[in-house]
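First the structure, in the form of structure tokens, and then the observations on it.
Naming: A, B, ... by sequence-line order, numbering from 1 per chain. Below, each value reflects all heavy atoms present in this structure, side chains not excepted, and no hydrogens, waters or symmetry copies.
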2 protein chains.
Amino acid sequence: MSYIRYIITYLLLDGSMIFVVKSKAMSFIPSNLSGTDPVDQSAIVPGASPTFSPLYQQIKALIMQRLQSFEWRPGESIPSEVELGGRFKVSQGTVRKAIDELAAENLLVRRQGKGTFVATHHEARSKFRFLRLMPDSDQPQITDKKIVELKRLRAPAEIARLLVMKAGDSVVYVKRVLAFDRVPTILEDLWLPGALFKTLTLERLSEYKGPMYGLFETEFGTRMIRATEQIRAASADGDVAELLGVEKSSPLLCVERVSFTYGDKPVEVRRGLYVTNLHYYQNELS
Amino acid sequence: MSYIRYIITYLLLDGSMIFVVKSKAMSFIPSNLSGTDPVDQSAIVPGASPTFSPLYQQIKALIMQRLQSFEWRPGESIPSEVELGGRFKVSQGTVRKAIDELAAENLLVRRQGKGTFVATHHEARSKFRFLRLMPDSDQPQITDKKIVELKRLRAPAEIARLLVMKAGDSVVYVKRVLAFDRVPTILEDLWLPGALFKTLTLERLSEYKGPMYGLFETEFGTRMIRATEQIRAASADGDVAELLGVEKSSPLLCVERVSFTYGDKPVEVRRGLYVTNLHYYQNELS
DNA sequence: AAGTGGTCTAGACCACTTT
DNA sequence: AAGTGGTCTAGACCACTTC
């Protein structure tokens with residue numbers, strides 16, 4: 001083994017100097033290069049199908065398993081790339097590529113010098129990830145949330161279909177109004193699988209201050225990671241007009257969302273009616 | 001500005017010494033250790049600012065220049081990664097990372113075994129990239145386009161602001177109706193910079209069969225690469241109701257789009273009114 | 001000084017397409 | 001067989017954060 005030695009001489013701003021002697025190995029030769037077996041990929045994912053899948057995709061799946069099982073919890077850091085490489089018996093570069101994709105999907109967040117962290121809905125950064133309604137003025141706004149109703153009921157056919165449940169299975173139904181700067185703007189109906197949200201109550205939801213998806217993540221072990229929205233134009237009927245404080249027959253955006261957790265499992269249906277006099281739905285096309 | 005200076009004194013294996021002076025202000029220190037000269041990054045981008053930029057970002061900018069100048073034309077293949085690496089004096093991996101980002105931004109398309117191609121709007125694939133209105137039924141639909149009006153006028157203040165022009169500068173104004181399966185569904189107003197679209201006529205636009213952005217790309221050298229949309233709810237007034245064949249005061253989606261070409265230059269403003277009885281605006285959140 | 005992610009290189013081999 | 005992009009490795013060094 002060959003080493004190189006070098007001295008770092010720091011010239012500090014106050015004129016003083018510091019000397020540091022370092023030595024570093026120049027190269028590393030594995031002692032038994034020919035004796036090591038190549039990685040047995042099938043051992044990594046024992047039940048893997050015979051269909052080809054790149055190593056980094058398998059690593060990605062392994063990492064996702066640990067996220068899904070909350071072995072690595074939202075907000076916490078995951079092991080370093082080098083550590084994971086050692087654990088999974090692959091190079092750091094391969095782990096890196098797996099993490100790259102997970103970061104692109106907003107499941108992980110990289111922070112240079114600090115580590116890689118599990119994304120969480122308890123963050124200012126992620127506040128507008130699922131809410132695309134923006135104010136005409138750039139002013140920050142005061143948000144008020146009011147739960148109008150929360151009850152358990154048997155899933156209507158349409159909701160059951162979207163949640164991949166049997167019609168009649170238990171669901172939690174929530175109706176709420178969001179106001180920005182005291183102006184009622186969003187009226188939302190939500191349906192959640194009853195089995196996952198057994199202990200959700202109107203009180204708990206009302207008193208909770210942070211983002212709703214944060215509550216779901218922390219207290220119900222359900223992380224929303226993706227959603228699709230279908231947008232239509234609608235007219236306010238009598239009830240809606242009253243709750244939103246607009247004229248009857250006013251035009252509204254009708255936004256129907258289905259949210260998914262790990263494994264593309266749908267876990268929320270949400271139908272929102274948006275007043276767009278002072279706000280607009282923002283979308284980026286690329 | 002305050003920064004720290006330090007000297008590294010290398011004691012090499014053969015007994016010789018090398019001194020390297022470093023300071024915070026310098027982001028790149030040529031190393032004499034190996035004896036080989038590293039690439040002179042400033043030579044790659046002669047007018048580069050002193051701000052640090054990774055090599056692959058510089059390569060990305062160089063590739064984008066060639067796309068913008070139509071040196072590599074839409075639909076054609078660009079040189080291979082190895083070839084580009086040689087040309088730019090960097091490794092294939094660095095070129096690869098640059099192309100990765102351009103592919104993620106839909107400017108390039110990779111095809112394994114064949115090469116990397118410049119994206120074009122003349123493709124089935126890209127047809128729904130900028131049109132997010134989907135039919136309730138999954139059936140493929142017959143699309144009819146009818147140009148209602150095309151004229152040149154002085155840019156209204158609002159349009160000029162969005163296109164970053166002076167109010168009163170020449171713009172091309174187009175009004176058209178799109179029908180799906182004979183049902184009028186979209187009424188659009190478009191504004192384009194007059195200087196870029198000098199030779200655009202109603203006849204040319206009417207007789208053209210492919211996607212409009214394909215025409216712009218091929219005949220006017222203007223490639224749309226990104227757009228933002230702001231969506232609101234609106235009511236059909238008399239004229240609109242007649243053109244779309246709906247009741248007066250019917251609710252409609254109002255979609256205001258600004259499209260950008262290279263260098264984030266806005267080159268189109270479009271205001272669309274969508275009938276959403278048989279269609280919906282589709283959006284993915286992640 | 002140690003540890004993390006970020007960049008860059010060089011080389012090997014694989015999968016896909018075309019000649 | 002040759003050429004392209006796709007995967008994987010190993011190692012070097014840089015930038016940033018923390019101790």
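- Relative to the side chain of B/Ser91, the nucleotides C/dA10, C/dG6, D/dG5 differ in distance, and C/dA10 lies closest.
- Taking the side chain of B/Arg110 as heavy atoms from C-beta on, and the options C/dG5, D/dG6, D/dT9, the nearest nucleotide is D/dG6.
- Comparing D/dC16, D/dC8, D/dG6 against the side chain of A/Thr94 picks out D/dC8 as the nearest.
- Listed candidates were D/dC8, C/dT9, D/dG5. Nearest to the side chain of A/Pro54 is D/dC8.
- Proximity note for A/Ser80 (side chain, C-beta onward) versus D/dT9, C/dT4, D/dG5: the nearest is C/dT4.
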* Test B/Asn106 against B/Arg226 for side-chain contact (heavy atoms from CB on, under 4.5 Å), laying out the working first. => CA-CA 9 Å; B/Asn106 292 310; B/Arg226 191 177 75 81; over 6 Å; no
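- Residue B/Thr116 is in sugar-phosphate contact alone, with no base atom involved, counting any heavy-atom pair closer than 4.0 Å across all strands shown.
- In this structure, A/Lys60 atom NZ and D/dT7 atom P are separated by 12 Å, rounded to whole Å.
- Closest contact between the side chain of B/Gln112 and the listed nucleotides C/dG5, D/dG5, D/dT7 involves D/dG5.
- Using the Watson-Crick or G-U wobble rule with both distances under 3.5 Å, C/dT18 pairs with D/dA1.
- Residue-level contact check: B/Arg96 touches the bases, meaning some heavy atom is under 4.0 Å from a base atom.
- As the counterpart of C/dG6, D/dC13 is assigned, both hydrogen-bonding distances of the Watson-Crick or G-U wobble pattern falling under 3.5 Å.
- Put simply, the residue from B/Phe70, B/Phe197, B/Tyr208 that forms a ring pair (Phe, Tyr, Trp, His ring centres under 6.0 Å) with B/Phe220 is B/Phe197.
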* Steps toward side-chain contact (heavy atoms from CB on, under 4.5 Å) verdict (A/Phe216, A/Leu192) -> CA-CA 10 Å; A/Phe216 293 173; A/Leu192 302 159; 3.7 Å; yes
